[in-house]
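Here the structure comes first, spelled out in structure tokens, and everything after it is commentary.
We're numbering straight along the sequence, starting at 1. The structure presented is a predicted model; accordingly, all values stated were derived computationally and were not measured. First listed ligand is number 1; within each ligand, the first listed atom is number 1.
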Amino acid sequence: MTHVLSKSDRSYLDWPFFDQRHRDLQQQLDSWAAQHISDGHGHDVDQACIDLVKQLGEGGWLTHAIGGKTYGAATDVIDTRALCLLRETLARHSGLADFAFAMQGLGSGAISLFGAEEQKQTYLSAVARGEKIAAFALSEPEAGSDVAAMQCAATPDGNDYILNGEKTWISNGGIADMYVVFARTGEAPGARGISAFIVDAGSPGFEIAERIDVIAPHPLARLKFTQCRIPASQRIGEAGQGFKVAMATLDVFRTSVAAAALGFARRAMDEALHRATSRKMFNQTLADFQLTQAKFAQMATAIDSSALLIYRAAWQRDQGKKVTKEAAMAKLTATESAQQVIDAALQMFGGLGVVCEVPVERLYREIRALRIYEGASEVQQLIIGRELLKEFAATTSGEEK
Ligand SMILES: Cc1cc2nc3c(=O)[nH]c(=O)nc-3n(C[C@H](O)[C@H](O)[C@H](O)COP(=O)(O)OP(=O)(O)OC[C@H]3O[C@@H](n4cnc5c(N)ncnc54)[C@H](O)[C@@H]3O)c2cc1C
């Protein structure tokens with residue numbers, strides 16, 4: 001079965017959020033992915049991921065994951081709509097391909113946004129060509145949702161910093177060439193005393209302490225730093241600004257997590273439509289039952305709602321506007337509803353749906369972590385609530401004047 005979108009499936013690209021270049025880009029990637037990317041991967045997920053990064057680099061797709069034309073990027077500022085369309089399309093073809101693409105962006109995002117000239121030159125074009133693999137190391141065993149509780153410390157020592165501590169759940173951990181690591185530098189308590197650093201793989205005192213296997217396999221690890229010496233020139237941005245760097249990076253990529261969830265949901269819908277219209281039962285097909293049609297109606301509505309929220313947030317960001325609330329709405333809705341869409345699709349497959357490595361079974365595993373990482377659904381709810389209250393307070397204080 002080909003997973004290139006049909007003309008009617010592509011109708012959402014006519015929405016006013018997009019320019020013609022977005023439509024063309026989506027179509028080019030869709031055809032490229034159909035030719036170059038396979039659904040599954042073998043048991044060596046590390047090698048599969050390394051190969052995918054190389055392929056995506058050679059195909060030119062990674063130029064959309066970084067910012068700065070001087071460093072080989074497609075645009076000076078990351079085009080959020082392009083980023084989301086590319087992730088949605090890759091996710092529809094292969095979860096691992098989407099992961100490989102997304103991590104090149106997230107892992108180098110802090111450099112695109114805040115890096116010094118020399119850092120950009122050293123890292124960004126190599127990331128865009130797929131020659132360096134990137135990772136983003138923020139979470140710790142005792143600091144996940146509560147990022148400001150991080151303990152990993154970077155102590156100044158002459159022209160260097162000495163890094164001690166741990167990071168966990170780090171995607172690309174074990175295969176990355178460079179890690180953007182956030183550590184406490186102590187300028188102020190809590191979120192204001194954190195800085196960001198680029199740590200090259202193989203730096204003395206840096207080790208992969210543990211590889212972690214998860215339900216949808218991809219390279220993941222716990223990192224350990226013991227007296228790891230990092231030149232101060234590897235710090236990204238100002239000392240003490242690391243929390244801002246991390247949040248700004250996540251602000252760009254959060255909407256794209258929603259887009260990946262949308263890609264998974266679209267693929268599940270596609271699989272379910274093929275199955276329901278061909279599966280014979282009770283002298284008709286599964287799709288002929290109104291119960292099935294009602295389920296399809298729910299799935300299609302969930303998909304369109306997610307897409308509208310995602311591309312609203314992406315468009316708004318591309319207009320240079322703040323999207324904290326809109327990106328959180330997109331991520332919350334798209335990831336939660338994709339889980340439901342995929343579950344409904346799997347149900348239509350009956351026993352076949354739970355056979356290892358059939359597409360709906362893979363999607364069922366693939367979607368789960370998206371409701372947790374880059375801010376769990378509960379955290380997105382808190383963000384939306386907080387932003388709404390801020391907006392309300394601003395309106396009412398305006399009324400009083
Ligand atoms: C597959 C995968 C890949 C990842 N990749 C990376 C990576 O590349 N880099 C990186 O830095 N991190 C990464 N992470 C870490 C991820 O960002 C954290 O897992 C996430 O932030 C949640 O932190 P935690 O696991 O410590 O859960 P906890 O912080 O312990 O939260 C547990 C649960 O509590 C609930 N919760 C949280 N806050 C609240 C609240 N205020 N009110 C009510 N309930 C709440 C949520 O349901 C949450 O799932 C990855 C995680 C996974 C699973």
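Counting heavy atoms closer than 4.0 Å to ligand 1, residue V379 contributes side-chain atoms (C-beta onward) but none from N, CA, C or O. Contacts between S139 and ligand 1 below 4.0 angstrom, taking non-hydrogen atoms only, involve backbone and side chain alike. Residue-level proximity to ligand 1 for H218 is carried by the side chain, the only part with a heavy atom below 4.0 angstrom. At a heavy-atom distance under 4.0 Å, no atom of N172 approaches ligand 1.
Remark: among candidates E374, E378, E140, K167, the nearest residue to atom 43 (C) of ligand 1 is E378, based on non-hydrogen atoms. In the candidate list S145, G107, S171, A216, S145 is nearest to atom 31 (O) of ligand 1, counting heavy atoms. Comparing L370, I372, V147 against atom 19 (O) of ligand 1, the shortest heavy-atom distance belongs to I372.
Using a 4.0 Å cut-off between charged side-chain N and carboxylate O, E391 and K325 make a salt bridge. Between R92 and D30 a salt bridge is recorded (basic side-chain N to carboxylate O distance below 4.0 Å). At a threshold of 4.0 Å, the pair R192-E187 does not count as salt-bridged, since none of the basic side-chain nitrogens sits closer than that to a carboxylate oxygen.
For atom 34 (O) of ligand 1, the nearest protein heavy atom is 4.0 Å or more away. In this structure, atom 13 (C) of ligand 1 is in close contact with the protein, since a protein heavy atom lies within 4.0 Å of it. Contact annotation for atom 29 (O) of ligand 1: protein present (non-hydrogen atoms, distance under 4.0 Å).
Using a 30° and 60° split on the angle between ring planes, Y311 and Y12 fall in the tilted class, from 30° to 60°. Using a 30° and 60° split on the angle between ring planes, F17 and W315 fall in the tilted class, from 30° to 60°.
Neither side chain, D98 nor H93, offers a donor N or O lying under 3.5 Å from an acceptor on the other. No side-chain donor-acceptor contact under 3.5 Å links E387 and T324. Between the side chains of R87 and S256, at least one donor-acceptor pair of N or O atoms lies under 3.5 Å.
Put simply, no part of V214 is less than 4.0 Å from ligand 1, judged by heavy atoms.
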